[in-house]
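Encoded as structure tokens, the structure appears first; notes follow it.
Computed over heavy atoms, backbone and side chain alike; hydrogens, waters and symmetry mates excluded. Counting convention: from 1, in listed order, for ligands and their atoms alike.
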Amino acid sequence: MSQIVAVLNGPNLNLLGKRQPEIYGRETLADVEADCRRVGAGLGLEIEFRQSNREYEIIDWIHDARGRTAGIVINPAAFTHTSVAILDALHAFEGPIIEVHISNVHKREEFRHHSYVSAVASGVIVGCGTQGYALALQRIATLIGTKEGA
Ligand code: CA2
């Protein structure tokens with residue numbers, strides 16, 4: 001039976017592939033979702049893929065994941081650098097959390113170097129482009145011990 005993994009995306013990621021391709025590449029968020037579903041299926045994971053520009057909605061989705069989903073992959077986008085509320089919500093989640101950033105935030109402006117979310121993440125994937133999502137799912141599969149991810 002497949003286990004569920006929530007893949008949560010923060011503000012402006014709906015614009016992926018439509019602006020700033022030099023930073024974020026040409027894949028759209030729909031492409032990333034399709035990749036996650038394909039890779040997830042191979043790992044025995046069912047993917048719940050979501051994006052919001054609203055902080056409270058991401059917090060509600062994290063609460064909703066408790067006791068129901070085996071892991072969370074999260075790209076909190078700009079909320080990474082600002083949101084104690086998302087950090088607090090993630091603290092209440094019992095499974096593995098992998099934080100993903102498409103760009104290498106450490107090569108960019110100083111304000112992108114700090115992440116509130118990293119304090120609670122099992123792992124962080126930075127600067128691997130949209131492939132970071134697939135890598136994060138592989139890591140979750142290993143951590144939760146699905147047969148396919150072992
Ligand atoms: O590199 C990442 O994945 C980020 O989480 C993306 C965030 C940024 O605030 C973080 O520092 C790093 C920005 C997401 C906005 O994405 C856009 C994509 C295309 C066009 C405009 C924004």
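Using a 4.0 Å cut-off between heavy atoms, Asn75 contacts ligand 1 through its side chain alone, with no backbone atom that close. Contacts with ligand 1 closer than 4.0 Å are made by heavy atoms of both the backbone and the side chain of Arg19. Residue Val105 touches ligand 1 through its side chain alone, judged by heavy-atom distances below 4.0 Å.
Applying the 6.0 Å contact sphere to CD of Glu109 captures more than 12 heavy atoms from other residues, nucleotides or ligands.
Selection from Pro76, Ala77, Gly132 by nearest heavy atom to atom 7 (C) of ligand 1 gives Ala77.
Counting only distance, with no hydrogens or angles, the side chain of Ser83 and the backbone of Thr80 share no donor-acceptor pair below 3.5 Å. His81 contributes a side-chain N or O that, together with a main-chain N or O of His114, makes up a donor-acceptor pair within less than 3.5 Å. The closest donor-acceptor contact from the side chain of Arg37 to the backbone of Ile47 lies under 3.5 Å. In this structure, Asn53 contributes its side chain and Asn12 its backbone to a donor-acceptor pair below 3.5 Å.
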### Check against side-chain contact (heavy atoms from CB on, under 4.5 Å), Val73 and Val100
CA-CA 7 Å; Val73 172; Val100 172; 3.8 Å; yes
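When hydrogens are left out, the protein atom nearest atom 18 (C) of ligand 1 is Tyr24 CD1, 3.5 Å; that is the closest non-hydrogen contact. In terms of protein heavy-atom proximity, atom 11 (O) of ligand 1 is closest to His81 NE2, 2.7 Å. Ranking protein heavy atoms by distance to atom 16 (O) of ligand 1, first place goes to Asn12 O, 3.6 Å. The shortest contact between atom 4 (C) of ligand 1 and any protein heavy atom is with His101 ND1, 3.7 Å. In this structure, atom 1 (O) of ligand 1 lies nearest to the protein heavy atom Ser103 OG, 2.6 Å.
Polar contact check, Arg112 against ligand 1: a nitrogen or oxygen pair lies under 3.5 Å apart. Annotation: Gln20 places no N or O atom under 3.5 Å from an N or O atom of ligand 1; distance criterion only. For ligand 1, the polar-atom distance check finds an N/O of Ile102 within less than 3.5 Å of one of the ligand's N/O atoms.
Side-chain contact between Phe49 and Val32 is present, with at least one heavy-atom pair separated by less than 4.5 Å.
At least one heavy atom of Leu13 sits less than 4.0 Å from an atom of ligand 1.
Remark: Arg50 engages Glu48 in a salt bridge, criterion side-chain N to carboxylate O under 4.0 Å.
Those atoms of ligand 1 with a heavy atom of Ala78 less than 4.0 angstrom away are 9 (O).
In this structure, Val5 is not a member of the same hydrophobic cluster as Leu90, with clusters built from ILVMFWY side-chain heavy atoms closer than 4.5 Å.
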